[in-house]
Amino acid sequence: MAGTVQDIGREMGSSCYSILQKPKAVCTDIYSSVPMTSSSMLTMTCPSSTTLTATTSRARTSLLLQLKLGCHHWSPSRSRSWTCLRYGHGRGYIGGEGGGGGSCVAEALPKLRILQTYSGTFALRETKQMPGMLDWFGWCTWDAFYHDVNPQGIKDGLSSLSKGGTPARFLIIDDGWQDTTNEFQKEEEPFVEGSQFGARLMSIRENMKFRKASSKASSAPNSLKEFISDIKSTFGLKYVYVWHALMGYWGGLHLDAPGTQKYNPTLKYPVQSPGNLAHKRDIAMDSMEKYGVGTIDPARIFEFYDDLHRYIASQGVDGVKVDVQNILETVATGSGGRVSLTKHFQQALEESIARNFQDNGIICCMGQSTDSIYNSKKSAITRASDDYYPKNPNTQTLHIAAVAYNSIFFGEVVVPDWDMFYSRHNAAEYHAIARAVGGCGVYVSDQPGQHDFNILRRLVLPDGSVLRAKYPGRPSRDCLFCDPVMDGKSLLKIWNLNKCTGVIGIFNCQGAGSWPGLEDSPKMNSPEISGKISPSDDIDYFEEVSGKSWKGDCAVFSFKSASLFRLAKHGKLDITLGTLQCDIFSVSPIKVYGKKVEFAPIGLINMYNSGGATDAIEVITEFSDFGIRIKGRGPGIFGAYSNLKPKSCSMNLMDEGFEFRSEDCLLTIPIPSGTDTWEVAVYY
């Protein structure tokens with residue numbers, strides 16, 4: 001039976017979008033790979049006699065993945081591309097016979113939970129242990145220093161963030177701390193671009209920037225352990241992660257170094273697939289193909305990870321960011337092939353993480369391949385896009401759109417990681433609002449002293465915590481089959497939920513970049529795009545906060561305009577945005593209390609994700625006066641919709657002044673600085 005875009009349901013797992021509802025396709029072996037040539041076509045018949053037709057340009061593809069993703073674009077081999085799960089870029093489709101693309105969308109497929117049970121190789125996000133760093137503001141050293149990261153620079157960055165009132169509680173010491181050598185870049189010779197990816201790991205220890213080699217005078221700390229202990233105690237850090245590549249370093253291990261010989265590395269030259277090369281070229285992969293990779297013996301890979309992680313854990317490190325995970329499919333020949341090799345490496349990696357880090361402390365990077373995702377039984381965080389490129393103005397909108405669409409699938413298996421960003425940048429608020437609605441970790445990579453605290457204070461509470469939404473942020477249903485980057489007419493809407501409210505981020509991604517491969521398409525000159533938001537139409541599972549029996553109106557608060565609107569459940573609010581403009585709306589169900597009072601908490605209206613500050617709402621019945629109590633956290637301005645002006649308000653049992661804006665029924669109550677948790681009481 002055929003379906004329309006409006007029929008889209010979420011059949012895969014708790015919230016992944018399925019393409020159709022019923023009947024489901026019959027597939028005997030839902031995890032088997034089906035051999036296909038570049039021009040082959042695969043068909044399947046549903047119980048209703050609807051034929052599902054899939055085409056692909058990969059030599060091999062998973063029928064399951066093609067069915068599950070429906071009309072969405074997917075490039076499983078390339079992790080450093082702007083590929084995203086979306087319709088319209090032509091590499092594959094599913095539909096009824098003759099149904100090109102989205103006009104006749106296939107109604108597919110058993111729930112992702114069934115695949116989890118059937119395959120036994122991966123686990124859904126909802127079953128995994130979430131690393132604690134997700135709820136705390138972080139700082140990554142990469143775009144601040146690149147390879148020149150050093151102990152004093154790290155201290156300077158942590159200090160400047162703390163002095164500005166947004167202390168980092170989570171730190172990633174990125175590439176540049178390890179003991180490496182680069183035979184392809186000679187000292188005092190001009191830098192050869194790409195040669196850095198030929199560097200190889202000499203040992204599992206830190207380099208001389210982070211430890212003293214002798215008793216001679218040096219600015220380096222005595223050891224990595226001493227340095228980490230120092231910054232944790234000085235700056236209140238809760239988590240320190242360090243970076244390493246899946247194979248140790250970009251160029252793998254040095255073949256003859258005393259510190260790496262035990263892992264029996266061999267030099268392999270990566271071979272990229274034709275499908276990979278058809279995408280945007282990547283200097284990292286091209287350079288590794290040129291210089292080779294010191295590939296760890298698969299029989300020794302667990303030993304390597306366990307040695308490395310046990311050592312850095314002994315130095316006070318709490319977790320790792322594991323990069324370059326796409327390398328396996330290019331060096332798998334002679335080692336059992338990419339599928340079995342990825343499974344073996346992933347199992348070894350996750351076993352070592354579980355043994356050495358109590359908090360499931362791992363962020364996966366460049367691990368977007370099907371093989372990586374379908375072998376992630378414990379890893380809970382994976383990058384869902386290409387890198388953040390602060391110096392490239394044409395990738396800012398692409399970054400937001402790519403993560404949002406990729407999160408449709410990835411969000412069921414992991415918490416999609418949105419990468420770092422600069423808080424002082426022309427697109428800083430664009431990225432900040434995306435993180436606020438993304439349900440992800442929030443971390444910047446500012447250079448020391450180069451911060452925009454007006455933006456950071458809207459993301460980060462004074463104690464360093466963030467108001468993280470409940471789920472991975474994903475596009476609203478009416479965005480699934482449009483192109484918010486290049487069609488010249490569509491806005492991108494990303495939805496999420498908090499404990500008591502919903503949240504919608506809306507972005508104009510048009511006119512500031514093109515998908516790779518489509519750079520020659522006609523360019524638009526900063527178009528102004530209009531669209532609509534609708535409370536329950538744009539936010540899935542809104543009944544989690546409204547209750548199933550609720551049929552009332554919503555209070556909708558615009559952060560950018562500080563305006564409060566009352567909308568019917570399926571009402572529409574017009575919005576117009578220019579290129580690189582965005583807004584974020586808190587959506588709260590208006591409920592009737594005591595027959596006369598209509599009330600809806602918004603949250604801290606000085607924060608992007610206002611509703612993330614609100615934990616609970618209840619009726620006050622212990623006093624003669626009727627009232628409503630709201631529990632939450634963080635200082636700022638608490639806002640709510642109230643159809644009546646209150647008689648009085650209190651905050652933590654102390655009388656508190658309030659303001660009531662009668663034209664839109666906005667009630668605001670100040671929460672003093674220094675307040676961690678609060679109970680606001682509103683009496684009528």
Side-chain angles (χ1 to χ4, degrees), residues 12-16 29-33 62 64-65 68 76 79 109-134 241 244-247 296 298-299 301-306 308-310 313 318-329 332 335-384 406-417 439-441 471-472:
M12 303 203 204
S14 60
S15 55
C16 185
D29 184 357
I30 62 175
Y31 193 58
S32 63
S33 293
S62 164
L64 166 74
L65 186 62
K68 180 172 68 61
S79 58
L109 208 254
K111 293 183 178 180
L112 199 55
R113 285 194 183 94
I114 296 176
L115 177 59
Q116 172 190 236
T117 302
Y118 180 90
S119 69
T121 62
F122 75 102
L124 296 179
R125 168 183 50 80
E126 62 192 24
T127 69
K128 295 178 178 178
Q129 178 185 358
M130 290 296 116
M133 44 70 57
L134 284 169
Y241 282 30
H244 72 78
L246 189 72
M247 209 66 74
I296 302 169
I301 188 60
F302 173 74
E303 183 181 7
F304 171 72
Y305 289 146
D306 189 50
L308 172 60
H309 295 157
R310 186 170 65 252
D318 303 289
V320 287
K321 171 184 173 181
V322 183
D323 208 341
V324 205
Q325 295 197 22
N326 64 332
I327 191 63
L328 291 178
E329 92 170 48
S335 298
R338 61 177 175 82
V339 176
S340 62
L341 189 65
T342 300
K343 181 178 181 179
H344 180 69
F345 269 63
Q346 191 77 18
Q347 288 176 342
L349 178 62
E350 292 190 339
E351 184 179 348
S352 178
I353 295 295
R355 176 179 291 193
N356 294 291
F357 303 117
Q358 297 179 355
D359 194 49
N360 195 23
I362 180 172
I363 300 172
C364 297
C365 191
M366 294 175 70
Q368 296 182 24
S369 73
T370 313
D371 307 320
S372 293
I373 292 296
Y374 281 146
N375 282 290
S376 60
K377 296 192 79 169
K378 297 179 181 178
S379 301
I381 306 173
T382 292
R383 174 80 63 74
N406 282 342
S407 294
I408 297 171
F409 173 43
F410 288 164
E412 295 309 305
V413 183
V414 294
V415 174
D417 177 65
C440 55
Y471 302 119

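In what follows, residues are counted from 1 in the order of the sequence shown.
Taking SG of Cys365 as the start and CG of Leu246 as the end, the distance is 11.5 Å to the nearest 0.5 Å. Taking CE of Met366 as the reference point, atom CG of Asn326 lies at 3.5 Å (rounded to 0.5 Å). If you take NZ on Lys378 and CG on Asn360, they are separated by 8.5 Å, rounding to the nearest 0.5 Å. The distance from the CD1 atom of Ile301 to the CG atom of Leu341 is 9.0 Å, given to the nearest 0.5 Å. Atom OG1 in Thr342 sits 9.5 Å away from atom CD in Gln325 (nearest 0.5 Å). Taking CG of Leu112 as the reference point, atom OH of Tyr118 lies at 15.0 Å (rounded to 0.5 Å).
In the model, Glu350 has a side-chain atom that pairs as donor or acceptor with a side-chain atom of Ser379 under 3.5 Å.
The shortest distance between side-chain heavy atoms of Arg113 and Leu124 falls below 4.5 Å. By the 4.5 Å heavy-atom criterion applied to side chains, Met133 and Ile363 are counted as neighbours. Looking at Ile362 and Leu349, their side chains come closer than 4.5 Å, going by heavy atoms from C-beta outward. The shortest side-chain heavy-atom distance between Ile373 and Phe410 falls under the 4.5 Å cut-off.
Smallest separation of non-hydrogen atoms from Ser352 and Tyr305: OG-O, 3.1 Å. Between Ala245 and Val322, the closest heavy-atom pair is C-CG1, 4.3 Å. The two residues Asn375 and Phe122 have their closest heavy-atom pair at N-CB, 4.2 Å. Pairing each heavy atom of Gly367 with each of Ser372, the nearest pair is O-CB, 3.4 Å. Met130 approaches Ala380 most closely through the heavy-atom pair CE-CB, 3.6 Å. The minimum heavy-atom distance linking Asn356 with Ala313 is given by the pair O-CB, 3.8 Å.
Under the rule for a side chain to side chain contact (heavy atoms under 4.5 Å, CB included), the partners of Cys440 that lie at least two apart in sequence or sit in another chain are Trp418, Arg435. Applying the salt bridge (charged side-chain N to carboxylate O under 4.0 Å, His left out) criterion to Asp359, with sequence neighbours excluded, gives no partner residue. Contacts of Glu351 classified as side chain to side chain contact (heavy atoms under 4.5 Å, CB included), with partners at least two apart in sequence or in another chain: Phe302, Arg355. With sequence neighbours left out, Ala123 forms a side chain to side chain contact (heavy atoms under 4.5 Å, CB included) with Gln116, Thr127, Lys128. With sequence neighbours excluded, the residues that form a ring-ring contact (aromatic ring centres under 6.0 Å, His included) with His244 are His309. Here Phe345 pairs with nothing under the ring-ring contact (aromatic ring centres under 6.0 Å, His included) rule; sequence neighbours left out.
Without hydrogens or angle criteria, Asp417 side chain to Ile381 main chain gives no donor-acceptor distance under 3.5 Å. In this structure, the side chain of Ser407 does not engage the main chain of Pro472 through any donor-acceptor pair within 3.5 Å. Judged by distance alone, the side chain of Gln129 and the main-chain N or O of Gln358 form a donor-acceptor pair under 3.5 Å. Here the side chain of Lys377 pairs a donor or acceptor atom with the backbone of Gly120 at under 3.5 angstrom. No donor-acceptor distance shorter than 3.5 angstrom exists from the side chain of Arg125 to the backbone of Val415, with no hydrogens or angles considered.
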Subject >> Candidate pair Val413 and Ser376, rule side chain to side chain contact (heavy atoms under 4.5 Å, CB included), full reasoning >> reply: CA-CA 8 Å; Val413 183; Ser376 60; 3.4 Å; yes
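Taking the six-membered ring where tryptophan is involved, the planes of Tyr374 and Phe409 are perpendicular, since the angle between them exceeds 60° and thus also 30°.
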